[in-house]
Undergrad: 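Quick one: the structure is below, and I'll ask about it shortly.
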Amino acid sequence: MDKQQRTGESEKDDDSAGILCRFAHLVFPYLEPAGLASVSATCKVLHVVSKTITSSRISDASRNLENYPIPFFNSVDSELYANFIYSPVQTLPTSPSIPWGGGSGRVRSDPFIVRVEGAYGCDCESCDLESSSNCACMDFSDLPTQECGPSCGCGLECGNRLTQKGISVKLKVVKDRRKGWSLCAAEFIPKGKFICEYTGELLTTEEARNRQRLYDKLSKSGHFSPALLVVKEHLPSGNACMRINIDATRIGNISRFINHSCDGGNLSTLIVRSSGALLPRVCFLSSRVILENEELAFSYGDTTVNSTGSQCFCSSACCSGILPAEHT
């Protein structure tokens, strides 16, 4: 190979590297941590770009899709952040993947996947406890489970859309040596405050069972943490039970980091319905005052359902030593 040919090939390599550097900010957000680390080692420019993207991922798990950034903190090992696709609302399994950099600011996505055609809601312009005593959507109990929805005349500013406005408290994701990633309060949270909705892929029972069998196999390695939540609600008739399957393993929000506590933890679980929406949503409210830096937790269920479940590290006074796990 003569000198002129080598020079020509070198210039082509430089041009290719230059093109990659110019479009790195568009391509790199799609890379998983291992891929990002690999390209980071190729040259100084790509290292700088990769470092910027990594810092952005660490600083906000929600990718700017929530009202406040939700940072990762890890003093346990070398894992800088958890890799998953963030969605502030329920999704379907066929929904397209969104890269880490795919956030479009703080515009809220539609929380209602399936709507009831011709459903009736309230005609109020804005509903609240003081001015809407006659509003058909208002729930005046201590733990309201009915909100205004897509069939109502009011907008997102309505006082009866508490769980539809995104996370309104400051949170952080902290790595625990035994539990793994945990969701913690980054500020003082009063009792009765809405924390977040449990979002993820809405699955049929058959698909949930198939995924759970796969997750059980992967979990035996000790390096896999599934986030498939199964909620069963007994209907008023007493003769039927509605089952909701939400899988936040691949797609979800920060609720996927909420760990189990055998004493019930500091969160209340609510099934919230909205006028005109077919499917209810699973939401969390603080069941008591939560101090800054305190871990958030709720009860996953009865440990007697699966006596061979994984070890529990909640450290509560009534800890059974076993994590609840449903026989799906």
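Note that the numbering runs from 1 along the sequence shown for the chain.
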Undergrad: State whether R273 and E147 are salt-bridged, where the test is any N-O pair (Lys NZ or Arg NE/NH1/NH2 against Asp/Glu carboxylate O) under 4.0 Å.
TA: no
Undergrad: Tell me whether I254 is reachable from V174 by hopping between hydrophobic residues (I, L, V, M, F, W, Y) whose side-chain heavy atoms are closer than 4.5 Å.
TA: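 Unlinked, V174 and I254 end up in two clusters.
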Undergrad: Distance to the ring centre below 6.0 angstrom and angle to the axis at most 45 degrees; does that hold for K172 and F73?
TA: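 Relative to the ring axis of F73, which defines the angle, K172 lies inside both limits.
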Undergrad: Answer yes or no: is there an ion pair linking K165 with E66, defined by an N-O contact shorter than 4.0 Å?
TA: no
Undergrad: Which residues satisfy the side chain to side chain donor-acceptor pair (under 3.5 Å) test with S275, sequence neighbours excluded?
TA: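 Expected list: Q146.
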Undergrad: So, do M138 and C148 sit near enough that their side-chain heavy atoms are less than 4.5 Å apart?
TA: no
Undergrad: May I ask you to decide if Y300's main-chain N or O and H260's side chain share a donor-acceptor pair within less than 3.5 Å?
TA: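 Flag set: sc H260 to bb Y300 pair under 3.5 Å.
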Undergrad: Determine, for K179 against E295, whether the closest basic-nitrogen to carboxylate-oxygen distance falls under 4.0 angstrom.
TA: yes
Undergrad: Check the hydrophobic clustering (I, L, V, M, F, W, Y; side-chain heavy atoms under 4.5 Å; chains of links allowed) and say if L291 and F298 are grouped together.
TA: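 L291 and F298: separate clusters.
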Undergrad: May I ask you to check whether W181 and F72 place their ring centres under 6.0 Å from each other?
TA: yes
Undergrad: Hey, are the side chains of V230 and D247 touching, using non-hydrogen atoms and a 4.5 Å cut-off?
TA: no
Undergrad: Walk me through it: do C122 and C154 pass the test side chain to side chain contact (heavy atoms under 4.5 Å, CB included)?
TA: CA-CA 8 Å; C122 70; C154 52; 4.3 Å; yes
Undergrad: Can you name the nearest heavy-atom pair linking I258 to L296, along with the distance?
TA: CG2-O, 3.7 Å
